[in-house]
Amino acid sequence: MSYLDVYSEQLTASTAAHLLRRVTFGPTNSEIAEFTGLTATEAVDKLISNSTYAASPPPPVEMDETRPNAGQQFLSNPYDATRTYDYSMYIKYWWIGLMCKQDGKPSVLEKLTAFWQNHFVVAHSSVGDYRLVNRYIRFLRANALGNFRTLAVGITKDPGMLIFQNGSENTKAHPNENYGRELQELFTVGQKDFQGNDNYTEQDVKAAARVLSGWQVPNYKKAGSVSTDPAFNLTRHDTSDKVFSSKYNDTVIRGRNDNTAGDTEVNELIDMLLRHPEMPKHICRKLYRWYVNPNVTPEIESQVIVPLATFFASSQNDFAITPVLRKLLTSQIFFATNNIGAILKSPAEFMIGTLRMINQPIPNITTEYAAFFKVMNYLYWNMTTMQLSFLDQPLVFGSVPYYQTGFSKNWINGTTLGLRGQHSDGFVVPWMEIKPGQMLGINFIQRLTALQPNFSDVTGTPPISIDVVFKDFSKNLFAIELSQSQQNFLIDTIMMRGIPRTSWDREWNAYRTTPTDSSKRNTVVSRCQWLVKHMFRMAEYQVF
């Protein structure tokens, strides 16, 4: 059986959770229940279809409640240099909010957009102009499931990329090779093939730079300007022929001396790169590492990457992204047991996934912008301390664990492991008020009360047992099922601290009898907090 054959079994809670963890930043229990019983094909089609719903969210708004335009969108207004940092942050928070919210329709869109954002990196701290940051991320979201040719052409002329990779400084008199190199090394063909052979030459970098000369961003950081469109300036363009190496079959891109030169030569350059036999492999290899397993063995290369790349580049598919994603996410290899729990959670899967698993309500960005800001600010800076900064990766290569040897293991080190525990504790012991009457974190009493039938009928209705409580708090929490001995340890040693389990019955009934007694309340809440804090810190919770 081929690794890319369709996984034909109906999804269990475990396999549904696996799919949802990989294609979103973490599911809720209700989403897992909704997808349980579907086939892989039905589930993935639903996740793709839901992307249409997610494609047109409300815009970012001013989130400083002291300003006169608080709660109003700002992107259609003229450029305001005094607000560029804040507005760039609001755009980041807007996107993180989309990752969190999902509105009951989990989709592939945000996780796939994050893939492309880490692939075609543009960092806001280098660009500065918040309008370019917005245009860039919206372009990626709009084309994430489209065609790779469209993505490659569009990102090449994207104003944010032109600034970030110095493309706006690339002229015939002073060629800048930055983007011509990264377009090949990172974005399309890859630096080397699987055997370690170079995929392009320095001649190809120089020739690509000449093709790309002449593009500018006229209104970059221009006070009072509205348009952010790029512009092609023929007087800055190298109009001579561009000759590429044997790596590209000695292709010649003919120089033009008219205003069509910019678009025409970019299109021909991208078409040439797409014809390189390593281009589809490079993209499919990265998709496999993102969604399935960071470790690409020779067997995976030959049995998964090569046939998937052949399909990607086929005349039938013509570099369409959705069919490739569907084939990968519905495959036998995706659901293989050894691939479940095979990736270390990034700070996003850890923080956003935890937020979603505890069913934390997400404030409305338009009507509750101050509360929305608090939640997203908390998530963003906690993720940043753990070395993930959305829209601001440290290098053009992206975040370190997505490209360095070891891949996702690089999310964990002596500093970040401690920070993970510290940040997850914040969800267990609520301390931050989001808005009056709502804290960030688990409301244990509310959750326990929902589990207890006839809460006030202490004499007539038995208390919920410790096993019921444990089952509820650990439900779908781990990608890899805990052993019975681990479960016993969590209940007896962590939660009950060595005293008999029956003590829980007495303590919970004592609270039911006198729910206004803070001491009795704290007793049951503390036991639950000990349990959940420990589970969030377990090695098994760090993988997905």
Side-chain angles (χ1 to χ4, degrees), residues 59-60 73-92 94-95 113 116-144 146 148-172 174-183 186-188 208-209 211-237 259-267 269-270 390-393 395-396 398:
Q73 70 86 23
F74 52 82
L75 287 165
S76 61
N77 299 334
Y79 178 65
D80 182 353
T82 67
R83 301 294 290 152
T84 193
Y85 173 81
D86 294 285
Y87 286 169
S88 291
M89 296 304 293
Y90 296 165
I91 291 164
K92 291 185 182 187
W94 166 82
W95 188 29
T113 301
W116 293 123
Q117 201 275 307
N118 194 76
H119 180 76
F120 296 112
V121 171
V122 168
H124 102 89
S125 58
S126 297
V127 172
D129 189 327
Y130 58 87
R131 302 170 304 167
L132 305 194
V133 176
N134 172 72
R135 180 173 176 144
Y136 159 72
I137 193 60
R138 286 180 181 274
F139 170 77
L140 293 181
R141 290 185 81 249
N143 293 280
F148 184 78
R149 179 184 285 104
T150 303
L151 263 178
V153 170
I155 203 68
T156 297
K157 298 181 287 187
D158 178 78
M161 183 65 79
L162 287 170
I163 297 299
F164 183 59
Q165 283 291 326
N166 309 109
S168 60
E169 302 167 17
N170 182 13
T171 69
K172 63 181 179 182
H174 301 286
N176 187 296
E177 298 174 3
N178 282 4
Y179 188 73
R181 184 180 305 279
E182 307 308 355
L183 177 60
L186 301 177
F187 301 162
T188 55
V211 168
L212 297 164
S213 59
W215 288 94
Q216 295 177 279
V217 186
N219 287 333
Y220 176 54
K221 290 187 175 180
K222 186 175 180 180
S225 65
V226 176
S227 171
T228 58
D229 290 344
F232 178 71
N233 186 336
L234 182 60
T235 64
R236 294 161 61 96
H237 179 63
N259 287 326
T260 68
D263 288 328
T264 302
E265 292 188 36
V266 165
N267 290 341
L269 174 64
I270 297 303
F390 281 120
L391 290 168
D392 207 13
Q393 285 90 340
L395 299 165
V396 68

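Heads up: numbering here begins at 1 and tracks the sequence. Side chains are part of it too, since the values below use all heavy atoms of this structure and drop only hydrogens, waters and symmetry mates.
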Can you see which heavy atom on [X] is nearest to which on [Y], and at what distance?
X: Asp392; Y: Ser125; value: OD1-OG, 2.6 Å
X: Leu234; Y: Ala261; value: CD1-CB, 4.3 Å
X: Trp215; Y: Gly262; value: CZ2-C, 3.6 Å
X: Lys221; Y: Val127; value: CE-O, 3.6 Å
X: Ser213; Y: His237; value: O-ND1, 2.7 Å
X: Met161; Y: Ile155; value: CB-O, 3.3 Å

Handout entry: Cationic N near anionic O, under 4.0 Å, Arg138 to Asp158
Key =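 Looking at Arg138 and Asp158, the cut-off is not met.
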
Exercise for the section: Without swapping roles, check the side chain of Gln165 against the backbone of Gly167 for a donor-acceptor pair under 3.5 Å. Expected result: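 Such a contact is absent between Gln165 side chain and Gly167 backbone.
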
Handout entry: Short side-chain to backbone donor-acceptor contact, Tyr136 and Val122, under 3.5 Å
Key = yes

In terms of the angle between their ring planes, are [X] and [Y] parallel, tilted or perpendicular, with boundaries placed at 30° and 60°?
X: His119; Y: Phe187; value: tilted
X: Phe148; Y: Trp116; value: tilted
X: Tyr90; Y: Tyr87; value: tilted

Handout entry: Val153 and Asn267: CA distance, side-chain angles, deciding distance, side chain to side chain contact (heavy atoms under 4.5 Å, CB included) verdict
Key = CA-CA 7 Å; Val153 170; Asn267 290 341; 3.5 Å; yes

Between [atom1] of [X] and [atom2] of [Y], what distance do you get to the nearest 0.5 Å?
X: Arg83; Y: Met89; atom1: CZ; atom2: CE; value: 12.0 Å
X: Asn176; Y: Thr171; atom1: CG; atom2: OG1; value: 9.0 Å
X: Asn233; Y: Ser168; atom1: CG; atom2: OG; value: 12.0 Å
X: Ser227; Y: Arg135; atom1: OG; atom2: CZ; value: 7.0 Å
X: Tyr130; Y: Asp80; atom1: OH; atom2: CG; value: 5.5 Å
X: Asn134; Y: Trp95; atom1: CG; atom2: CH2; value: 12.5 Å

With a 4.5 Å cut-off on side-chain heavy atoms, are [Y] and [X] touching?
X: His124; Y: Ile91; answer: no
X: Asp263; Y: Phe232; answer: no
X: Tyr220; Y: Leu162; answer: no
X: Thr228; Y: Asn219; answer: no
X: Val396; Y: Asn178; answer: no
X: Leu151; Y: Leu140; answer: yes
X: Thr113; Y: Ile137; answer: yes

Problem - Worked check of side chain to side chain contact (heavy atoms under 4.5 Å, CB included) between Val133 and Leu391 - result: CA-CA 8 Å; Val133 176; Leu391 290 168; 4.1 Å; yes

